[in-house]
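In what follows, chains are A, B, ... by sequence order, proteins preceding strands, each numbered from 1.
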Amino acid sequence: MRAARWLLAGTAAAVVLFVLGVALFGPLFAGEPERIVGLPYSAPAAGSPLGTDSAGRDVLDRVLAGGRPLVAVPVVATILATVLGLVLGLLGGYFAGITDAVVSRLDYLLLGLPPVLILLVLLHGWGYSATTMIIVVVLTGTPFVSRVTRAETLRAVEDGYVVAAYAGGDSHLSVIVREILPNIVRPVLADFGTRLAIAVTLTAAAAFLGFGSSGPNWGAMISQNVEGIQLTPWGVAVPAILLGVLTVAANLGIDRIVGRVLR
Amino acid sequence: MTALGFLARRLLATVATLFAVAVVLFAGSEVLPGDAASASLGPDATIEEVAQRRAELGVDRPWPVRFVEWGTAALRLDLGTSTSMHRPVVDVVAEPLAATGLLVGLTAAVTVPLAMGLGLLTGLRPGGRVDRVVSAVAVVAVSIPQFVTAGLLVLVFADLWPLLPAISLPPLGGGPLDRPEILVLPVAALTLFGAAWASRIVRATVIDADAMPHVEAARLAGLPERVVVARHLLPAAAPPCAQTFAWLLSGLFGGTTVVEVVFNYPGLSQTLVAAVRNHDTAVLEGVGLLLAAIILVSFVVADLLVLAVDPRLRVAAR
């Protein structure tokens with residue numbers, strides 16, 4: 001039983017590392033992902049081991065090159081959303097009153113809009129760019145962080161050590177940074193991985209809907225090649241599986257690591 | 001607070017939120033530099049042509065004026081005219097909205113009982129064998145993007161084992177219900193995500209409700225498990241569950257956008273994507289406003305359900 005569990009965990013870790021490796025370092029090994037090497041939707045053959053896509057380009061080259069755009073933007077955006085959500089949630093939870101009302105209204109407004117709608121409205125207004133994507137992820141992710149932070153802050157302000165610090169003459173800033181923050185950071189970071197997975201999903205969804213950068217992208221490959229799925233499945237199957245592993249790994253793996261480091 | 005007061009406050013908050021959504025949508029799509037005039041003329045247009053077009057479309061006037069015009073027209077259910085299709089937005093979105101509504105409705109009809117069942121099954125025996133298996137599957141299903149799930153479903157059930165159509169196009173001149181088999185895979189893809197997500201929250205709610213004193217008392221009094229769950233546990237768990245399913249609806253309307261693309265289903269996603277591509281501001285704003293209104297109304301309906309099952313608020317209403 002114990003051995004089986006280790007084997008399972010080891011296999012999972014190996015698969016995740018492999019996918020991360022493909023995403024980060026794949027572009028180094030991708031030949032010319034834009035070159036047309038054969039007829040559209042050709043089956044695997046010598047020279048193109050995964051066949052060709054809807055435009056006759058090599059699927060393997062595009063798979064190797066198409067993961068990196070799904071790593072950088074989500075990671076940066078999720079970190080920004082976490083910091084912003086922490087600040088807003090701390091302000092709302094600590095100062096109560098009008099500050100709290102404003103923060104809460106803003107949160108519920110953004111939570112009520114489907115993320116895809118926010119994505120499309122901003123794509124319409126600004127067009128696609130890494131900055132647009134980061135802002136979309138921040139707008140959809142911040143309210144979640146802010147809600148959790150606010151709830152934890154409300155709990156913390158009641159605690160004796162915060163009251164004691166404030167009664168002892170510490171400034172608001174000092175109480176927030178030195179007393180409250182260290183005590184709420186763990187529950188707030190606990191679902192960092194979940195939010196990262198959502199960010200990867202949104203970034204891939206933009207490409208999937210045809211709005212990504214022009215280069216190869218796992219999300220875009222799925223929608224580009226789904227029509228030829230009965231001719232050759234690899235243009236959909238490989239990016240879909242890699243993208244699935246990437247989001248599951250972000251969701252489960254990162255939360256485990258954060259949990260261990262902060263323990 | 002009486003039930004009536006509670007309702008009045010909720011309705012007022014809903015109207016206020018819808019107004020805020022309208023401001024955000026308008027600001028996001030019109031105050032920002034996206035420009036329907038230059039988009040509709042193409043890259044070769046001269047500055048004079050663009051200026052003339054802007055005057056034709058009425059986008060050269062200050063935006064507060066345009067917002068008030070747009071908002072008051074929307075109150076009369078007039079969402080303006082599509083700049084790319086030259087038809088009223090209401091006509092453009094009516095059919096796709098019905099098609100997407102059908103998809104969302106069917107998905108909800110499958111997902112709600114499924115999520116309640118799974119949530120009860122796992123929440124009544126947390127840590128048990130069933131719980132561990134279902135929870136592991138649910139976490140994986142929630143993490144995978146919905147269009148990836150949809151793509152994999154097509155791969156398995158339309159390609160490897162060709163049971164169902166890969167493309168969900170209704171017959172010419174007919175609706176999706178004329179060929180019901182085209183709905184199976186899209187609904188399955190949406191349900192997999194929705195049931196996995198909602199069952200996690202139902203599970204947590206059931207665990208909380210199970211620990212309540214009155215549930216424990218009912219169990220200690222020797223009532224059969226069936227009665228304990230149906231009469232004592234479920235009413236306590238119902239309010240958070242109703243909220244969860246209102247959230248689910250919001251998620252489903254977002255999820256359909258990507259799932260529909262995989263299946264070429266003639267729903268709102270095609271309208272939305274085309275609107276963004278053609279800089280059709282009126283359509284984008286109209287669809288956004290309609291979606292937000294539907295979602296906000298579903299939250300109010302969830303509150304009404306809570307009112308119906310929560311005896312404390314019912315007593316207060318008398």
Legend entry - Region of A:V248 that comes under 4.5 Å of a non-hydrogen atom in chain B: both
Inset, instruction - Examine whether an atom of B:A275 lies under 4.5 Å from a heavy atom of chain A, and if so say whether it belongs to the side chain, the backbone or both; otherwise answer neither. - result: backbone
Inset, instruction - Would you indicate whether the side-chain heavy atoms of B:F193 and B:T149 approach each other to under 4.5 Å? - result: no
Inset, instruction - Could you tell me which portion of B:L155 (side chain, backbone, both or neither) has an atom closer than 4.5 angstrom to a non-hydrogen atom of chain A? - result: both
Inset, instruction - Report yes if the side chains of B:F147 and A:L243 come closer than 4.5 Å at any heavy-atom pair, otherwise no. - result: yes
Inset, instruction - Name, in order of residue number, those residues of residues 71-80 of chain A that have a heavy atom at a distance of less than 4.5 Å from a heavy atom in chain B; otherwise write 'none'. - result: none
Inset, instruction - Please report the C-alpha distance between B:W70 and B:L289 in whole Å, then the side-chain angles of each, then the deciding distance to 0.1 Å, and finally whether the side-chain contact (heavy atoms from CB on, under 4.5 Å) criterion is met. - result: CA-CA 11 Å; B:W70 174 69; B:L289 204 57; 4.0 Å; yes
Legend entry - chain B contact via A:L117 - side chain, backbone, both or neither, heavy atoms under 4.5 Å: side chain
Legend entry - Enclosure of A:E227 CD (heavy-atom neighbours >12, cutoff 6.0 Å): no
Legend entry - A:L24 backbone acceptor or donor facing A:R68 side chain under 3.5 Å: yes
Legend entry - Leading residue by heavy atom contact count with chain A [cutoff under 4.5 Å; candidates B:L252, B:T257, B:L291, B:V142]: B:T257
Inset, instruction - Please indicate whether B:W197 has more than 12 foreign heavy atoms, meaning atoms of other residues, nucleotides or ligands, lying under 6.0 Å from its CH2. - result: yes
Taking distance alone, no hydrogens or angles, what donor-acceptor pairs closer than 3.5 Å link side-chain atoms of residues 13-23 of chain B to residues at least two apart or in another chain?
residue	atom	partner	partner atom	Å
B:T14	OG1	B:R10	O	2.7
B:T17	OG1	B:A13	O	2.7

Legend entry - Trace of the ring-ring contact (aromatic ring centres under 6.0 Å, His included) decision for B:W247 with B:F299: CA-CA 8 Å; B:W247 279 119; B:F299 281 112; 4.9 Å; yes
Legend entry - Selection from A:P115, A:A197, A:A205 maximising heavy-atom pairs under 4.5 Å formed with chain B: A:A205
Inset, instruction - Can you tell which part of A:I222 gets under 4.5 Å to a heavy atom of chain B, answering side chain, backbone, both or neither? - result: side chain
Legend entry - Any donor-acceptor N/O pair, A:T132 side chain to A:Y128 backbone, under 3.5 Å: no
